[in-house]
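So the structure is just underneath, and the comments pick up after that.
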Amino acid sequence: MFQNNLKIVWRTLRKNSTYSLINVVGLAIGMAAVLLIYRIVDFELGFNKNFENYDRIVRVVRHDRNAEGENWTTCMPLPAANAVEQAVPQFEEFSRSRDAWPTLTVPDPNGGAPLKKFNQPDDMVSFFVEPAYLKIFKLKLLEGDPNTALRDNGSVILTKKWAEKCFGDAHAAMSQTVIMDNLVTLTVRGVMAEMPANCDFPIGCLISYATLEANSRNYFYGEDNWGACSSNNQAFALLKSADQLTAANEVVRTVGEKEYKMEGGLENEQKVHELQPLSDLHYNAELYNPTGRIVTKNRLRILSFIGLLVLAMACFNFINLSTAQATQRAKEVGVRKTLGVSKGQLIGQFMGETATVTVISVLLGLTLAVLCLPLLKLISDVPADAPFVMLLQTWGFIAAMAVAVTLLAGFYPSIVLAGFDPIEALKTNTMSRLTAGSFLMKKQGLVREGLVVLQFAIASAFIVGTIVTLSQLEYIRQKDLGFDKNLVYSFNFNSDSASMAKMPVLRQQLLQLPAVESVSLCSDQPSSGNTWANNFAFPASGEDAPFNVSLKYADASYQKTYGLRLVAGKWLEPSDTLKEVVVNQTLLRKLGISNPDEVVGQELRIGSRRKVRISGVVEDFHSHSIHQPLEPMLIGSRKIYYNWAGIKIKPDNLAATTAAIQKAYDEVYPEQVFSGSFFDETIAQFYEDEKRFSNTCKGFGLLAVFIACLGLFGLSIHAASRRTKEIGVRKVLGASISSITGLLARDFLKLVLISLVVGFPIAWYFMDKWLADFTFHVDMNWAVFAIAGFAAMAVAFLTISFQSVKAALANPVKSLRSE
Amino acid sequence: MIILKDIERYYSNGAQRTWVLRKINFTVKKGEFVTIMGPSGSGKSTLLNIIGMLDKPDSGEYFFLDEPVHNFNEKRRTELHKHTIGFVFQAYHLIDELNVYENIEMPLLYRGVSKSERQSMVADMLDRFNIVGKKDLFPSQLSGGQQQLVGIARAIVAKPKLLLADEPTGNLHTSQGEMTMDLLRTLHGEGMTVIQVTHNEKFAAYGTRVIQIEDGFVRSDSNV
Ligand SMILES: Nc1ncnc2c1ncn2[C@@H]1O[C@H](COP(=O)(O)OP(=O)(O)O)[C@@H](O)[C@H]1O
Ligand SMILES: [Mg+2]
């Protein structure tokens with residue numbers, strides 16, 4: 001019986017090869033989409049699960065609340081870390097941790113230039129940690145003794161790759177010397193394996209915490225008061241058991257209750273420590289993560305939902321084409337029923353057919369998904385080379401998906417087919433009776449139309465999403481940020497006094513390069529992720545302003561290098577120390593000053609003591625991504641804080657220019673490691689997440705539109721074939737080809753129009769929310785919807801007209817004779 | 001074998017009722033070959049469908065092999081369709097996607113007949129109807145008469161006790177029609193109960209009894 005059914009399935013599929021192809025291709029695409037999204041979601045949900053103590057590891061964080069709002073931070077002031085360590089009996093282990101992005105050099109024993117130099121790769125982070133860190137994360141050493149490897153000042157554990165890069169192999173690396181940041185000499189005391197890709201601790205090396213304490217000055221570390229705070233200073237702990245989280249949290253919350261009040265907090269400010277479980281670390285956008293790779297669960301939900309939508313659309317195609325074709329199978333159903341086949345058996349048969357189509361589609365879909373895996377980097381962090389197809393878990397998911405699709409796509413058509421009344425089905429003129437508009441047929445027609453509307457509603461929402469995200473990205477690209485981000489090549493350098501002493505030499509050499517227009521040294525480029533805020537007063541003799549001001553330290557060439565524009569006064573004169581500042585327009589606006597010339601030459605106070613003269617007012621520029629509002633800002637010269645060099649270069653032969661810059665650097669700083677980048681690329685990285693979201697809309701939108709059109713194409717073939725006779729009669733009576741095409745297209749276009757009415761408000765709602773995340777954004781006006789609507793209608797019309805024109809062109813004599 | 005008592009059937013169209021069958025009373029004994037005749041639209045097919053348990057009367061009683069059909073549930077009806085009743089249609093109603101062999105084999109599949117037994121039963125049919133050479137052809141490759149042969153073969157391969165044929169010759173040329181009727185007569189001769197609907201006086205003569213229907217009433221009932 002099964003074999004017999006399989007035969008029917010196969011032959012039916014072949015007979016209706018167009019419909020079958022539409023179904024298989026649609027389902028395959030839908031399932032490929034779901035598989036790819038599953039790949040992402042599974043990857044993201046697997047984060048940090050490599051740690052055996054996953055559910056016992058916590059990070060100590062802090063929740064700050066004041067009149068302006070609330071804020072979560074990972075910072076642990078040193079006394080707070082000490083207090084937490086002492087206070088919590090539920091901790092089995094405790095370790096302070098400090099993020100680092102070191103360079104490593106292998107020194108020449110004979111005192112020459114280093115033998116090898118390495119920047120830490122961008123996707124790695126190193127940590128200063130205490131010995132307990134190894135126990136908390138259960139890190140195993142390939143070489144060295146875990147009990148002593150992180151004990152002493154100057155100890156480092158390298159990952160295997162770094163050990164090999166520096167010393168050839170892991171074993172040979174032991175007890176060798178490396179120099180970090182050209183400042184600190186470290187001895188290799190251990191070698192560990194690389195961390196997996198889906199881990200928020202992509203460890204480059206682990207440096208003993210004692211090293212940090214011994215070099216506190218170089219690493220801006222060690223202010224022993226409750227007010228000093230850096231999000232890089234963190235603390236991790238291992239709970240004795242996972243269920244003690246609540247109890248431990250209660251203790252942690254009491255730490256610092258008195259101390260924070262005493263050490264100069266703002267009025268009504270509350271700072272409360274909390275424990276963040278490791279399981280939250282990858283998904284909580286409120287809290288800093290050294291890798292920067294945070295994916296909210298909400299984003300994962302949206303992604304999953306998108307996948308389900310695309311798959312559901314493919315299932316709708318299957319439902320629509322199956323019920324549209326159902327009349328052709330009515331006879332078979334009738335005959336089988338007279339042979340004593342029960343309704344249940346018939347449903348089973350049709351579900352079996354659906355399952356067969358599903359299985360074929362799954363195989364095709366899997367192939368597609370595997371081919372598309374490299375594309376995932378456009379929308380996620382998933383590495384292309386991670387195992388996927390060979391995982392048992394993947395196949396479990398595929399099986400579950402196949403069952404779900406079979407049920408979703410097959411259930412309704414099976415009920416419809418198995419429900420045919422054998423008497424009706426077997427009447428001699430069955431076809432005309434069943435299509436003539438019986439109640440059942442009308443109901444199915446309604447279901448079909450409803451599903452088409454739903455499909456195009458989804459597709460049009462995707463189109464709107466794509467247009468909005470793309471125009472926002474274009475807006476970002478074109479936006480006048482208040483500075484010129486193009487053709488600035490920059491690198492950072494060590495700010496220790498030895499390095500600083502040689503900086504004028506390098507600067508002079510760079511300026512001699514013909515392609516270099518200007519060189520500026522600064523604490524920070526015009527736009528970055530950093531904020532350095534301070535209290536201030538204007539006029540200098542007055543009270544503190546009710547808001548803080550952002551500070552950037554930069555030299556006299558900063559304006560020229562980054563193309564900043566002055567609206568009053570002059571830029572800074574060359575100076576090594578802070579004597580005068582430039583303020584921005586937002587600062588004046590917040591102070592209620594409308595005429596910029598008014599302030600030039602006046603004094604303001606920074607912090608509690610330092611008074612400086614205002615030399616000029618600079619036009620506002622975006623010091624952060626445009627998610628954030630403009631902020632009041634001061635720029636002054638202060639050499640000791642410079643650690644960035646920005647170099648404005650001429651457009652021709654960039655590669656040669658950057659190579660020459662590096663060469664000059666290497667000559668001046670042979671012992672240091674160069675790491676340069678283009679400023680515009682740095683800025684583009686602010687919007688990486690937006691770009692991914694836009695790519696997601698684009699990619700899956702394209703799939704959604706394609707699947708919707710596939711379905712529409714199938715239905716238009718069906719409609720045309722059902723109306724062959726009518727078209728023949730109309731043509732004989734003199735109807736024109738265009739009027740017949742219009743006749744066939746009209747019904748469908750009406751549905752697409754309705755779908756726009758459904759899809760647009762939904763798209764508007766979601767995209768409005770997305771845009772609200774930017775302080776500066778495009779507006780969603782009618783044009784977006786006009787374009788999206790036009791696009792949806794045009795695609796639909798093209799799809800339908802292909803078949804309609806064919807039907808309209810058919811020879812009427814032929815179509816009438818065949819009846 | 002069949003007892004019909006006051007069988008009535010109507011279709012409602014709004015408040016209005018259109019009567020198709022009225023006060024039908026007759027019995028059919030095992031081994032009879034009954035022909036139902038009457039003008040188009042008089043209710044012949046409806047009556048046959050009721051006898052074949054594809055349709056239900058709106059009132060009246062129907063006993064099949066002394067069992068009350070009007071009390072049957074779905075399961076019992078499908079049982080009878082599987083084992084006891086065979087259908088032959090005017091439009092043959094072969095399944096286009098299956099070839100001759102597979103069409104004939106189909107009822108056996110639903111009866112759970114073993115593969116070797118199926119092969120021999122289908123082979124018997126092919127032999128008997130002289131269509132061995134056509135067993136791999138699909139319905140669209142056969143003439144109408146050949147298709148009806150396959151249709152009958154499919155109806156009787158499972159050895160039903162009752163064969164119902166609604167205008168089996170309606171779409172056939174005279175010679176093919178005669179061949180079909182010969183076949184029905186032979187089956188009757190072998191002990192099968194046959195009820196056919198036909199418009200053809202000559203083909204009515206193949207049976208043992210003729211029932212005339214007009215406007216839903218039995219007009220006459222006579223042995224040939
Ligand atoms: N589903 C139906 N709805 C309404 N009327 C029907 C239906 N099926 C059959 N009829 C009517 O019942 C009458 C008898 O039909 P039928 O039994 O097919 O006649 P015959 O087979 O004698 O030509 C006809 O008038 C037909 O129009
Ligand atoms: Mg009839």
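Note that this is a predicted model, so its numbers are computed, not measured. A, B, ... follow the sequence lines: proteins, then strands. Residue 1 opens every chain.
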Practice task
Would you indicate whether B:Phe72, at its atom CZ, is surrounded by more than 12 heavy atoms from other residues, nucleotides or ligands within a distance under 6.0 Å?
Solution key: yes
Handout entry: Contacting moiety of B:Leu94, where chain A heavy atoms sit under 4.5 Å
Key = backbone
Problem - Residues from residues 52-68 of chain B approaching chain A under 4.5 Å (heavy atoms) - result: B:Leu54, B:Asp55
Problem - B:His93 side-chain N/O to A:Leu426 backbone N/O, donor-acceptor pair under 3.5 Å - result: yes
Exercise for the section: Please state whether the side chain, the backbone, both or neither of B:Phe138 comes within less than 4.5 Å of a heavy atom of chain A. Expected result: side chain
Problem - B:Glu190, CD atom: more than 12 neighbouring heavy atoms under 6.0 Å - result: yes
Completion exercise
Given A:Leu339, A:Thr12, A:Asp421, the one with more heavy-atom pairs under 4.5 angstrom with chain B than any other is A:Leu339
Problem - Spacing of NZ belonging to B:Lys82 relative to OG belonging to A:Ser342, to within rounding of 0.5 Å - result: 6.5 Å
Practice task
Measure the spacing between OH of B:Tyr110 and CZ of A:Arg336 and express it to the nearest 0.5 Å.
Solution key: 3.5 Å
Completion exercise
Between the OG1 atom in B:Thr78 and the NZ atom in A:Lys337, the distance rounded to the nearest 0.5 Å is 11.0 Å
Handout entry: chain A contact residues among residues 144-155 of chain B, heavy-atom distance under 4.5 Å
Key = B:Arg154
Handout entry: Atom OH of B:Tyr11: over 12 foreign heavy atoms under 6.0 Å
Key = yes
Handout entry: Salt bridge flag under 4.0 Å for residues B:Glu97 and A:Arg329
Key = no
Practice task
Apply salt bridge (Lys or Arg N to Asp or Glu O under 4.0 Å) to the pair A:Lys331 and B:Asp96, showing each step before the final yes or no.
Solution key: CA-CA 10 Å; A:Lys331 184 177 81 175; B:Asp96 302 325; 3.4 Å; yes
Practice task
Might you confirm whether atom NE2 of B:His173 has over 12 heavy atoms from other residues, nucleotides or ligands at distances under 6.0 Å?
Solution key: no
